[in-house]
Protein chains: 2
Amino acid sequence: MLVLLQELMADDLRRVRAPSGARLFRQGDAARGLFLLKVGKVRLLRHTSDGNEVILHTARPGESLAEASLFAEHYHCEAVALEDSVAMLAPKERLHALLRTHPQAAELLFARLARQVRELRTQLELRNIRRAEERLLAALRLRADANGAVTIGDTWKDLAAELGLTQEALYRALSRLERQGAIIRPATRTVLLRS
Amino acid sequence: MLVLLQELMADDLRRVRAPSGARLFRQGDAARGLFLLKVGKVRLLRHTSDGNEVILHTARPGESLAEASLFAEHYHCEAVALEDSVAMLAPKERLHALLRTHPQAAELLFARLARQVRELRTQLELRNIRRAEERLLAALRLRADANGAVTIGDTWKDLAAELGLTQEALYRALSRLERQGAIIRPATRTVLLRS
DNA sequence: CGTCACATTGATGCCTCTCAAAGCTTGTGG
DNA sequence: CCACAAGCTTTGAGAGGCATCAATGTGACG
């Protein structure tokens, strides 16, 4: 889909570079358009009134960011580059035009948004599991491949934030699961599920 | 948008009636299409492995349900009628055809999905507020009108579930906020925010 | 080879869940 | 019109679990 959009919008895409730590956009900025991440890692987060921040998503190459703000005046979250990143900016108006003239592209974007909705609901569902062990196990199960192996892309600390736990709580849950025999940890960032 | 879809798909829409307690679809059912709620109240929920259920959304007349499953083989949640309800079913294939032939309809559906993404992210953000008082206050602020008045449509119990709290925790949070002077409760289901 | 961030484990306190019970509202049927 | 039932509302007491603070180990990277 990234490819299709790039072909269709070749002339309208603008390359944006964000060194590690830089922001593609901030909460409240006027929505310029959709970002397609080509290189790096970008985190979407939101600031709460009490000064904490909430990780909404961590995007990797091939993903698009801020689809939702295509129909909003302002960005409702902040995009921080975690590594030196390169993205393509697809201006809002051009994308709207494209949606009208290229149903194929519209359908792809639509499917992508639909998937996001499902993922968000899943994440919300995980939060309803109160016990740290169970929440973590459920999250690991969702990420496991056919062999029951999970290799986390980020750090455990990041996963903790995504699950709404402190890192300490997550580490304790990990070791408890291991002690119970529910998981095995062959490497630092890999676990095997023992159903 | 409901209206537009109804005009464009008049011949393809099928009226579905669900008495209170009945299910429009269950988790795992083959995805038939999109539901447009005309009358009643329908709750989307998902069952967790430990037997609990998670409220994903409570839809009211004018809303559409299960947009995300337009691109999925199966429904990933369950839709229960809380009151006697009437919905229109827009079959998946017909909608796909419509998306290709009527960009206007596509754009509307797109905007709707985008809004859902934002709402879900907001809900997720609320969950990151640990303290019940603060989470509730944030939720109330999001629902307040210009005067700072909030009238909940459902029961407090329902709001508790939506916020990931037990009803007891929510009631205690309410009375604490009232004691602190942060809110006033003129009626059972209405609060005034005193910023 | 020093620094920095992640990883790991310990101790303590607070907060929410859980169980329990009683008051209150709403609706229903006799 | 009353009485009863069912579900929501409200408050209490106790326990368990996670956050918090703290300290040390470990790995990566310049």
Test log, rule side-chain contact (heavy atoms from CB on, under 4.5 Å), inputs A:Val191 and A:Ile184: CA-CA 5 Å; A:Val191 297; A:Ile184 300 173; over 6 Å; no
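- Nearest heavy atoms, B:Gly40 versus B:Pro61: O-CD, 3.1 Å.
- Note on B:Arg172: a base of the nucleic acid sits closer than 4.0 angstrom, heavy atoms only.
- Taking 4.0 Å as the cutoff to heavy atoms of chain A, we find the contact window on DNA chain D bounded by D:dG17 to D:dA22.
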B:Glu119 and B:Arg115: CA distance, side-chain angles, deciding distance, salt bridge (charged side-chain N to carboxylate O under 4.0 Å, His left out) verdict: CA-CA 6 Å; B:Glu119 287 171 355; B:Arg115 187 164 46 79; 3.2 Å; yes
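- Near DNA chain C, defined here as any heavy-atom distance below 4.0 Å, the residues from residues 157-171 of chain B are B:Gly164, B:Leu165, B:Thr166, B:Glu168, B:Ala169, listed numerically.
- Nucleotides of DNA chain C with any atom under 4.0 Å from a heavy atom of chain A span, from 5' to 3', C:dC6 to C:dC17.
- Mapped onto DNA chain D by nearest heavy atom, B:Arg130 and B:Trp156 fall at different nucleotides, with B:Trp156 at the one closer to the 5' end.
- Of the options B:Leu192, B:Leu137, B:Val150, a side-chain contact (heavy atoms from CB on, under 4.5 Å) to B:Ile183 is made by B:Leu137 and by none of the others.
- Applying the side chain to side chain donor-acceptor pair (under 3.5 Å) test to B:Arg43 and every residue at least two apart in sequence or in another chain returns B:Thr58, B:Asp158.
- Backbone-only contact: A:Arg185 has heavy atoms under 4.0 Å from sugar-phosphate atoms and none from a base.
- B:Val39 and B:Val16 are members of different hydrophobic clusters when ILVMFWY side chains are connected at heavy-atom separations under 4.5 Å.
- For the side-chain contact (heavy atoms from CB on, under 4.5 Å) with B:Tyr75, the lone residue among B:Gln27, B:Arg26, B:Arg32 that qualifies is B:Arg32.
- Among B:Arg60, B:Arg189, B:Arg143, the one residue that satisfies the salt bridge (Lys or Arg N to Asp or Glu O under 4.0 Å) test with B:Asp154 is B:Arg60.
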Full working for ring-ring contact (aromatic ring centres under 6.0 Å, His included) between B:His76 and B:Phe25: CA-CA 10 Å; B:His76 58 291; B:Phe25 51 83; 8.5 Å; no
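- Counting heavy atoms from C-beta on, the side chains of A:Leu95 and A:Leu109 come closer than 4.5 Å.
- A donor-acceptor contact closer than 3.5 angstrom links the side chains of A:Ser64 and A:Arg112.
- For B:Ser175, the side chain to side chain donor-acceptor pair (under 3.5 Å) partners are B:Arg179, not counting sequence neighbours.
- Closest approach of B:Phe35 and B:Ala87 over heavy atoms only: CD2-CB, 4.2 Å.
- The terminal axes of the helix from C:dC1-D:dG30 to C:dG30-D:dC1, fitted over 5 pairs per end, subtend an angle of 50° to the nearest 10°.
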